[in-house]
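Worksheet: one structure, shown below.
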Amino acid sequence: MNDIIPAMRRFPGVQAVHALWPQSHEDSPPAIHCQVIVEFASPEERDRMLSSAERLALRQKIIAAKQLFDGTLSHIEYDVA
């Protein structure tokens with residue numbers, strides 16, 4: 001992850017990237033190893049990043065990083081209020 005997050009920050013359309021590592025848990029949440037939050041100015045900028053050559057080039061590192069843990073890699077898109 002040391003080189004993945006800085007690379008994601010350079011993707012077109014990206015305003016900010018944050019990697020969140022759980023430090024403690026309350027109740028019984030799902031097992032989350034890391035959550036990566038990517039911020040965009042607009043849905044169009046998000047779509048620009050999703051279709052970028054830079055993202056495609058980094059994809060193999062993402063797949064390799066996933067092999068380091070037993071879990072699921074998924075994308076969740078949120079509306080922000």
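Hydrogens, waters and symmetry mates play no part in the numbers below; they use all other heavy atoms, side chains included.
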Practice task
Taking all heavy atoms of I4 and all of K61, pick out the closest pair and write down the distance.
Solution key: CD1-O, 3.8 Å

Exercise for the section: Would you check if the side chain of Q23 reaches a backbone N or O of W21 as a donor-acceptor pair within less than 3.5 Å? Expected result: yes

Practice task
Please report the closest heavy-atom contact between G13 and R48, naming both atoms and the distance.
Solution key: N-NH1, 3.5 Å

Handout entry: Value rounded to 0.5 Å, distance of CE in M49 from CZ in R10
Key = 14.5 Å

Problem - same_hphob_cluster(I37, V14) at 4.5 Å side-chain heavy-atom cutoff - result: no

Completion exercise
When rounded to the nearest 0.5 Å, the distance separating CG of D47 from CD of E44 is 7.0 Å

Problem - L73 with M8, same ILVMFWY side-chain cluster at under 4.5 Å - result: yes

Practice task
List in chain and number order the residues that pass side chain to side chain contact (heavy atoms under 4.5 Å, CB included) with R46, two or more places apart in sequence or in another chain; answer none if no residue qualifies.
Solution key: F40, P43, L50, E77

Problem - Heavy-atom closest contact (S52 atom, P12 atom, distance) - result: CB-CG, 3.5 Å

Practice task
Evaluate the side-chain proximity of L58 to F11: yes if any heavy-atom separation is below 4.5 Å, no if none is.
Solution key: yes

